[in-house]
Trainee: 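Once you've had a glance at the structure underneath, I'll fire off some questions.
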Protein chains: 2
Amino acid sequence: MVDLTGPNDLATVSRELMRNLNTRAITSVLFNRGKTSRAELARQTGLTQATVSNITAKLLESSLVEEVGEGQSTGGRKPTLIDINRNYGQVVGVKIEKNFVLTSLFDLRVNLIDRRETHFEEVPSSGEVIKLIENEVTNYESEYNVIGVGIGASGLISDSGEIIYSPILNWERSKLGKPLEEELSVPVLIDNDVNAFTLAEGWFGAGKNYRDFLCVTVGEGVGAGIVINGSLYRGSIGGAGEIGHTTLNPDGPMCRCGERGCLEALASDYFLVNEMNKRGFGDKRISTLVAEAKEGNKFARDIFNRMGHNLGLGIKNLVNTLNPEAVVLGGERLDAAEFFISSMEEEILNHSFPQEARRLEIVTAELGKKAWLLGAAILPVRNFFSLPLTGRKGKTRTARTGKEGLV
Amino acid sequence: MVDLTGPNDLATVSRELMRNLNTRAITSVLFNRGKTSRAELARQTGLTQATVSNITAKLLESSLVEEVGEGQSTGGRKPTLIDINRNYGQVVGVKIEKNFVLTSLFDLRVNLIDRRETHFEEVPSSGEVIKLIENEVTNYESEYNVIGVGIGASGLISDSGEIIYSPILNWERSKLGKPLEEELSVPVLIDNDVNAFTLAEGWFGAGKNYRDFLCVTVGEGVGAGIVINGSLYRGSIGGAGEIGHTTLNPDGPMCRCGERGCLEALASDYFLVNEMNKRGFGDKRISTLVAEAKEGNKFARDIFNRMGHNLGLGIKNLVNTLNPEAVVLGGERLDAAEFFISSMEEEILNHSFPQEARRLEIVTAELGKKAWLLGAAILPVRNFFSLPLTGRKGKTRTARTGKEGLV
DNA sequence: TAACTTTAGTTAATTAATTAAGTAAGTCGA
DNA sequence: TCGACTTACTTAATTAATTAACTAAAGTTA
């Protein structure tokens with residue numbers, strides 16, 4: 001329900017928008033449930049059977065959905081089952097990293113079709129990355145009907161797909177979306193990588209049953225994706241969830257950002273490496289620390305334990321501020337979760353309001369590494385299903401231009 | 001636009017809902033602008049003139065709006081002006097405090113009509129407060145058409161209007177909404193007092209131009225109201241914005257909650273009193289400290305300065321997490337704002353991401369004390385305007401039961 | 001096996017949006 | 001002062017939702 005919070009809320013609805021929203025509700029249910037009868041669609045969406053018949057007729061005509069046989073009778077006429085035509089079109093998902101770029105192809109149900117990796121000796125310029133993505137997409141287009149591209153990258157990313165600033169990539173004010181969109185003629189959607197990760201866990205993973213949850217990733221840095229009322233919240237300039245440099249302790253250790261006691265200085269790979277230095281570990285690779293902890297090394301265990309404590313303190317602050325239903329913990333360092341999750345949980349649950357904590361669920365991400373690419377691919381899929389039907393053409397696996405998804 | 005963030009989003013729209021939403025859009029514009037022509041309403045809402053004529057006809061019939069003369073011609077036919085009939089009904093706003101209860105009557109435009117105060121020797125029970133509100137509302141009903149009651153109180157308040165826990169009032173699991181609603185037969189809406197304050201500033205005060213803003217109140221405690229996409233965010237159990245006990249410094253001073261270094265222990269009246277103790281102030285009233293600061297007392301100024309620094313640190317964490325467009329600073333301690341706002345601002349702006357800070361506006365609340373009651377009164381007004389037209393009867397200033405607003 | 005019940009899906013009449021074309025009532029320039 | 005233009009508002013036809021009544025095709029029971 002739309003919430004008239006301020007008198008500035010002017011959501012008006014036209015016949016056309018009504019039709020689009022109802023069409024989307026139907027494709028949503030099909031997306032979630034797979035094969036479904038018209039009658040069941042009516043029950044699931046709350047629309048009338050007549051309306052469902054009407055809308056599905058149009059969808060069948062466009063070939064975005066298809067009839068896929070009959071279901072079992074439950075005491076009456078057999079239902080005709082309908083499903084999304086997953087081969088109607090494909091999307092490209094991209095993850096940009098410091099030293100490599102992952103490109104991949106997914107179908108409309110977000111199943112992986114193909115995956116490629118390109119390594120770079122040094123951090124590539126945005127121009128190089130644009131060129132690479134262009135080539136990969138054009139390549140896919142010779143065989144598939146690419147209806148959109150989704151890109152995940154670290155840093156602040158504006159609504160219009162401009163990378164405002166990315167400390168890891170060392171890019172500033174780099175336009176990625178517009179040039180790619182102009183060249184490729186399909187929608188190109190860019191978002192922060194942690195947001196993409198959160199989207200993937202929210203659609204298919206540990207977050208799928210929550211309307212309000214936080215997804216905290218721990219690895220080289222610490223980030224958070226914020227889901228409020230089932231929607232990813234991006235903030236006024238896409239900076240929501242940038243919790244890495246929130247202050248946990250003004251007297252704490254120096255962070256690479258120049259401040260003291262940032263969450264990232266207290267709970268990330270940066271923290272782990274610093275601690276390994278302090279404790280005189282010879283080998284400074286994280287994998288070694290994880291291995292040592294697994295073998296029972298007290299110092300290693302203690303480091304993770306303290307990281308969990310710090311992370312818990314940071315998450316506790318988030319929980320008290322946002323009061324989510326759940327916290328999903330993800331990121332590369334989940335490989336050592338067993339060594340820091342209990343001290344983390346203790347800190348969160350003991351030090352947040354008991355009433356809030358009682359309802360708070362703390363779970364680990366379910367999709368692993370692939371969530372990053374999956375989330376990037378979800379961006380154009382989501383975009384596609386929220387477009388009006390006009391402009392979608394019924395050509396399956398044949399189109400070359402990929403322009404069908406554009407309105 | 002509705003954002004299809006997850007495939008679970010099933011917002012369907014019926015003819016009826018379409019009509020309700022469009023009606024709301026029109027009453028919204030009237031609410032904001034006052035006297036407006038049908039043509040201007042069409043421009044403002046994006047609806048067609050035909051639709052606006054249609055809807056306003058129904059609204060005029062119900063007497064919720066009225067024709068109020070003609071406007072100036074701008075080169076064509078004179079517009080017939082329409083406005084909300086502010087005397088269609090009235091709402092009661094209530095603020096519950098430790099030692100007193102404020103009750104008030106507002107018209108539909110949320111203009112104050114009447115205000116009363118009832119003092120208690122000691123903290124009243126919820127039963128006593130229910131009785132009091134019941135009497136006041138019944139009293140108003142003899143003269144006015146009360147269409148709803150809004151209540152603001154501190155603590156965690158569930159969606160259903162139950163006070164889950166209120167440390168200041170020492171109430172736990174107290175039902176206020178349901179018994180009152182049954183007795184009075186008008187909608188009774190309860191929310192956290194900081195949320196009500198935020199609503200008031202968002203509708204009429206310093207927040208009215210922002211879609212994403214935080215409203216931080218400083219007084220006996222520290223609280224925050226979170227507005228995201230123009231909607232107040234309450235969290236999964238109404239606990240969003242409870243920032244008073246987020247940890248700023250694990251090695252900081254003890255807080256009354258038993259933890260160390262909470263924001264409340266570092267930036268509230270509690271902090272000020274503790275500091276006055278430390279510095280050996282004889283008189284421990286806050287008003288004295290403010291007076292001393294005004295007279296240039298170095299110690300007093302220093303205390304406020306440090307409070308501003310701490311508060312800034314806490315707000316900086318919020319800003320990095322939520323990336324709002326603006327922070328609205330309010331609460332009782334705004335009377336000493338001049339002594340802590342600069343150190344607060346410095347901390348926020350210097351230590352949040354430069355890009356975010358550049359777009360961040362820090363402003364002070366505009367409505368002062370009256371925002372608490374005003375916000376409480378907005379709750380039923382908002383509720384009333386989001387109801388469908390059915391059930392609203394055209395009797396103005398005559399009804400006795402107040403049931404007209406219910407569907 | 002015929003009659004009844006249940007479930008699936010379609011058709012007809014009403015409502016409320018749209019666009020498009022109309023009427024109403026003013027200003028303005030020659 | 002008369003016609004041309006503007007602006008405000010209404011009316012008519014189309015679209016897409018609703019409800020209600022229908023047909024279709026199964027299962028269930030007497």
Side-chain angles (χ1 to χ4, degrees), chain A residues 10-26 29-30 33 35-62 65-83 388-390, chain B residues 10-27 29-30 33 35-62 65 67-83 388-390:
Chain A
L10 293 181
T12 54
V13 181
S14 66
R15 260 181 346 207
E16 202 191 332
L17 180 58
M18 177 165 68
R19 174 40 80 99
N20 286 339
L21 289 171
N22 292 344
T23 302
R24 250 171 61 181
I26 287 174
V29 174
L30 288 175
R33 300 174 39 100
K35 294 178 184 177
T36 307
S37 69
R38 288 173 177 83
E40 185 60 28
L41 284 172
R43 280 189 293 270
Q44 293 283 327
T45 57
L47 295 166
T48 60
Q49 292 191 331
T51 303
V52 171
S53 282
N54 228 314
I55 291 175
T56 51
K58 279 262 157 51
L59 285 168
L60 285 166
E61 202 185 299
S62 79
V65 306
E66 47 191 8
E67 290 191 338
V68 289
E70 294 185 329
Q72 287 280 295
S73 162
T74 57
R77 177 176 166 178
K78 277 187 188 167
T80 311
L81 298 180
I82 288 170
D83 202 352
L389 208 61
T390 335
Chain B
L10 293 179
T12 54
V13 182
S14 66
R15 257 179 351 204
E16 202 191 331
L17 180 58
M18 177 165 67
R19 171 42 77 98
N20 286 339
L21 289 170
N22 292 345
T23 302
R24 253 171 58 180
I26 287 175
T27 50
V29 174
L30 288 175
R33 299 175 40 100
K35 295 177 185 179
T36 307
S37 70
R38 288 173 178 82
E40 185 60 28
L41 284 172
R43 280 190 292 270
Q44 293 284 329
T45 57
L47 295 167
T48 61
Q49 292 190 331
T51 303
V52 171
S53 284
N54 228 315
I55 290 175
T56 50
K58 278 262 158 48
L59 285 168
L60 286 166
E61 202 184 299
S62 80
V65 307
E67 291 192 337
V68 288
E70 296 185 326
Q72 287 279 297
S73 162
T74 57
R77 176 174 166 180
K78 276 186 187 167
T80 310
L81 299 179
I82 289 170
D83 201 354
L389 208 59
T390 334

Trainee: Output all residues satisfying side chain to side chain donor-acceptor pair (under 3.5 Å) with B/Ser37, sequence neighbours left out; order by chain, then residue number.
Mentor: none
Trainee: Kindly write out the residues that satisfy side chain to side chain contact (heavy atoms under 4.5 Å, CB included) with B/Arg19, not counting sequence neighbours, or none if the list is empty.
Mentor: B/Thr23, B/Asn54, B/Ile55, B/Lys58
Trainee: Please identify each residue that fulfils side chain to side chain donor-acceptor pair (under 3.5 Å) with A/Asp83, with sequence neighbours left out.
Mentor: A/Arg109
Trainee: So which protein N/O to nucleotides 28-30 of chain C N/O distances come out below 3.5 Å?
Mentor:
none

Trainee: When the distance from CG of A/Asn22 to C1' of C/dA16 is rounded to whole Å, what number comes out?
Mentor: 14 Å
Trainee: Check nucleotides 8-15 of chain C against the protein and report each pair of N or O atoms closer than 3.5 Å, with its distance, or say if there are none.
Mentor:
residue	atom	partner	partner atom	Å
C/dA8	OP2	A/Arg43	NH1	3.1
C/dA8	N3	A/Arg77	NH1	3.1
C/dG9	OP1	A/Thr80	N	2.7
C/dG9	OP1	A/Thr80	O	3.4
C/dG9	OP1	A/Thr80	OG1	3.3
C/dG9	OP2	A/Arg38	N	3.1
C/dG9	OP2	A/Ala39	N	3.0
C/dG9	N7	A/Gln49	OE1	2.4
C/dT10	OP2	A/Ser53	OG	2.2
C/dT14	O2	B/Arg15	NH1	3.0
C/dT15	O2	B/Arg15	NH1	3.4

Trainee: CZ of B/Arg19 versus C1' of D/dA16: gap in Å, rounded?
Mentor: 15 Å
Trainee: Tell me the side chain to side chain donor-acceptor pair (under 3.5 Å) pairs involving residues 65-74 of chain A, sequence neighbours left out?
Mentor: A/Arg38-A/Glu67
Trainee: Between A/Gly46 and A/Ser73, who's closer to the 5' end of DNA chain D by nearest nucleotide?
Mentor: A/Gly46
Trainee: Please name all residues satisfying side chain to side chain contact (heavy atoms under 4.5 Å, CB included) with A/Arg43, sequence neighbours left out, ordered by chain then number.
Mentor: A/Ala39, A/Glu40
Trainee: Taking side chain to side chain donor-acceptor pair (under 3.5 Å) as the definition, give me every residue that meets it alongside B/Thr48, ordered by chain and number, with sequence neighbours left out.
Mentor: B/Thr51
Trainee: I want to check something: taking the side chain as every heavy atom from C-beta on, are A/Ile26 and A/Val52 in contact at a cut-off of under 4.5 Å?
Mentor: yes
Trainee: Whole angstrom is fine here: how far is it from CD1 in B/Ile55 over to P in C/dA16?
Mentor: 10 Å
Trainee: Considering only residues two or more places apart or on different chains, which pairs with a residue in residues 45-56 of chain A satisfy salt bridge (Lys or Arg N to Asp or Glu O under 4.0 Å)?
Mentor: none
